[in-house]
Each structure stands twice: as structure tokens, then as C-alpha cells.
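Note that ligands are numbered from 1 as they come in the structure, with each ligand's atoms numbered from 1 the same way. Computed over heavy atoms, backbone and side chain alike; hydrogens, waters and symmetry mates excluded.
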Amino acid sequence: MVKVGILGVGTVGRSVARILIENGDIIEARAGRRIVPVIGAVRNLDKKRDVDIALTDNPADVVDNEDVDIVVELMGGVEEPYRWVGRALKNGKAVVTANKALLAYHRYELQELAGDTPLFYEASVAGGIPVIGALRNGLSANHIESIEGIMNGTCNYMLTRMIKEGAAYEDVLAEAQSLGYAEADPTFDVGGFDAAHKLLILGSIAYGIDAKPEDIVIEGIENITQTDVEFAREFGYEIKLLAIAKRNEKGVEMRVHATMIPQESMIAKVDGVMNAVSVMGDRVGETLFYGPGAGGDATASAVIADIVEIVRGNSGPMLGYKKGLESGLKLLGKDEIVSQYYLKLKVEDKPGVLAAVSSKLGDFGISIESMLQKPSRVEGKVRLLFTTHLCEEKKITMAMEELSRLDVVDEKISMIRIEK
Ligand code: HSE
């Protein structure tokens, strides 16, 4: 019998314990041994958990427990779980974690600490979708050209409800929280940080890039308005929060932001809590992974798959390689991003304004792909909407700064990146 201890018995921890018990027979058949949850550590012992395992409020009772073979870390946070996971590994226990924030900051140290002891983390990216296994194992023959996708279920749920039903931001956020999708601090979801943590993990497996969240562009969905969505549709796009890692001849771009994507693309049709990750390999071509990106049972399904792998005796280096993966490949700076852009400006409705704006874009070498002029609710003003051809981000940033200084242009200019 294999005994499992759980650090953090919240939405996912409770599902892990329950599924191990309720699906015990099929899991035993697949793993070759019975796997039993024996103890869970929680912060507050008074809170009702509705789970049939012993509880403690001291994580040491789990990580130092001689009866526990595998520690599952679901406590959230960064430094505290880092200490407990390190201690569990030092005690020779295999570890499974779903904690993407922990891995976003400490994945390379953890790989060192783990050595040959299994440390698995399938549930840390895209909930129930086995995308880490795919990238780490199934696609290991390939140079990875790009990874692009919807990696935050909360944001996708919110955008879908807001766009399709006109629901209010605060209401849909509260719903996502009550459904167990959102992080303990939902700013991580709506601000793009959770998706960025996941992207950094995938970026390490695919490219060996050792970056921290502060090294990459991270924007959320807070500033997306119904007007942006409507205009996006006029240009033939949907708006999704995408996490993108892409290589070019200079290096790897990594970024998370609201993105306009063609309405007919598969990812544009991914709604609700569903995630979808497209991985392009140089040999396999495009592969697409789709499924529930958050929620107790979906995430627990990935946690348990890792436990089964460990019980079967599989391990290998945590990030899928030891040394020398894509050596010399570097993370490109935020200014080096190359994209197409959508710009929305409010301007005075008088002769010469459109010419002034387009000539400013021209000054920066920005080529306009399409343009719309729409009435504004404010008397004497109109909205100008542009999409550009590919250009470097630093040119757009400088052009926006200069445009906002023109007397005829309102200060606030909206920009959304476009991916095709
Ligand atoms: N809060 C995360 C999400 C949970 O909404 O995707 C899964 O990582």
C-alpha cells in the first residue's frame, strides 16, 4: 500500500482524497498498488472539510511522517511550500505539486533538490489537461516552435460570460470563485499572473528558459471593455487572455495578455472554464490540448495521474532534461516582441485629424492594416480604430506616447495585441 499525505485540503485537496478513495479500484489496477490518502495538513482545523482522512494543522506531521510515501503539495503561496517541499524531498519522499506560483519562482532549485527523487507537477498547468506530460514526454523529439493558449480558466469563464451574456465583471468573478476556479487571491487570475506562472513552467520544459514572472510581459483582462469586444468582432476577431511563448531567430518571446484572435480559429471557440494549449513542434506540426483548466476534480485528476506515475516507478529529471537543452537560446526583452496591434483612440471630429494620426504612425514605420472611424458618445469626438501590420512593440509604445501628446487626441489610447 502507498500512503499519501496532503498539504492543503481545500477544493483540490479534498477532491484528491475523495477520488483516491472512490476510484480506488481503477487507480490500483493502473498503478499496480493500492494508494491511500492518510493525512492532510490544514491551516484551520475548525473549518468543516467533509473528507475522510486525519487532519493536522502542522505540515511537519505530513512531511516528516514515516508512514507517508508521497507528499501532495496544494497549499498555495511560494516560500512556505518551497520549505515544506524541500523538507519532504530531503526526507526522501516523492512529491506532487499543483502549485504553479511555487514553480514559477523555484523550479530550477527544486529540480536540483529533487535529484532522482520524483517531483511531478502535471496539475500546475491547465488543470486537468495532460499538457506537461505531452511536452515533457510525447513531444520530446521536437524543437518547440511555439506554445500558445488559454491557460486561466477563471479569465476565460469571465470573458465568456461577460461577452456572450453581458454579465457584470464583479458578478462573474464572484461566480468563478464560488465554483472553485479562482486563486485564493483572484488578482492572480484577472491580472494574468497565474497564466504567466504556467507559461514559465512550459517555457522551461520546451526551451530551458530560466525566467521569473517579472522578466516577461504580464497583462490581465481588467481593462477589456464591451466596446473593445464589439470592435474586435467588426475586424473578425475574438478577445481571449492568451499565454504565448514563441521562438524566432533572435530568441524566445514570452508574454501573457488579452489578445485578438481570428474568430474562426479553434482557440477562439474555447469558452467557459475550458483551457486550450496549442504546441507547435518542428517535426510533429501543430498539436492542440483542450480540457477543463480549473476546478477540484479536474485538477485532482492530474494530481492523481502523477501519483500513479510515481507508484509505477517513473521519474526522470523534473523539467525533462538535465543540461544543454537549446543552449544559447535566450528570452527576448519586452521591447523586442513583434506583433500586430489594435489601437483605439478618441479624437476631435475635425479636418486633418485622421491624417495627423496616420502620419504619426508612419513616422514610426508602423504600417496600417485596416482602419475604422466610429461615432463617439461624446459630442464633437469620434473613435479611430486601427489594426497594424507586424511591428516591434517598442515602436508601438513610442507612437502611443507621442499620439497621446497631440491636442486633438484624448490621452487614453487602448492597445490590444493581435495573433493570427
Ligand atoms: N485559478 C486557476 C484558473 C486554477 O482559473 O485557471 C487552475 O490553475
Worksheet item: What do you reckon, does N275 have a nitrogen or oxygen under 3.5 Å from a nitrogen or oxygen of ligand 1?
Response: no
Fill in: Presence of salt bridge, E219 and K334, under 4.0 angstrom
no
Worksheet entry | R255/E253 salt bridge by N-O under 4.0 Å criterion | yes
Worksheet item: Which residue from T154, T299, I150 reaches closest to atom 5 (O) of ligand 1 through any of its heavy atoms?
Response: T154
Discussion item. Is the distance between the ring centroids of Y342 and F386 under 6.0 Å?
Written reply: no
Practice prompt. Kindly write out the residues that satisfy side-chain contact (heavy atoms from CB on, under 4.5 Å) with D306, not counting sequence neighbours, or none if the list is empty.
Written response: V96, F120, E122
Worksheet item: Hey, which atoms in ligand 1 end up nearer than 4.0 Å to a heavy atom of D189?
Response: 1 (N), 2 (C), 3 (C), 5 (O)
Discussion item. I need the atoms of ligand 1 closer than 4.0 Å to a non-hydrogen atom of A294, numbered in the order shown.
Written reply: 3 (C), 4 (C), 5 (O), 6 (O), 7 (C)
Worksheet item: Any idea which of G293, A298, G127 brings a heavy atom closest to atom 7 (C) of ligand 1?
Response: G293
Worksheet item: Which bit of N152 is near ligand 1, meaning a heavy atom under 4.0 Å away: side chain, backbone, both or neither?
Response: both
Practice prompt. Considering the heavy atoms of K198, write down every atom of ligand 1 situated less than 4.0 Å from one of them.
Written response: 2 (C), 3 (C), 6 (O), 7 (C), 8 (O)
Item to complete: Could you tell me which non-hydrogen atom of E264 sits nearest to which non-hydrogen atom of G236, and how far apart they are?
Response: OE1-O, 4.5 Å
Worksheet, complete the sentence: Of L119, N65, L89, L7, the one forming a side-chain contact (heavy atoms from CB on, under 4.5 Å) with V71 is L7
Item to complete: For E183, counting its heavy atoms only, list the atoms of ligand 1 lying under 4.0 Å from any of them.
Response: 1 (N), 2 (C), 4 (C)
Worksheet entry | Residue pair V273 / N156, side-chain heavy-atom distance below 4.5 Å | no
Worksheet item: Where is the nearest protein heavy atom to atom 8 (O) of ligand 1: which residue, which atom, and how far?
Response: K100 NZ, 2.6 Å
Worksheet item: Going by distance only, is there an N or O of G153 that falls short of 3.5 Å from an N or O of ligand 1?
Response: yes
Discussion item. Q111: which residues meet the side-chain hydrogen bond (donor to acceptor under 3.5 Å, both in side chains) condition with it, sequence neighbours left out?
Written reply: none
Worksheet entry | Any N/O pair S124/ligand 1 closer than 3.5 Å | no
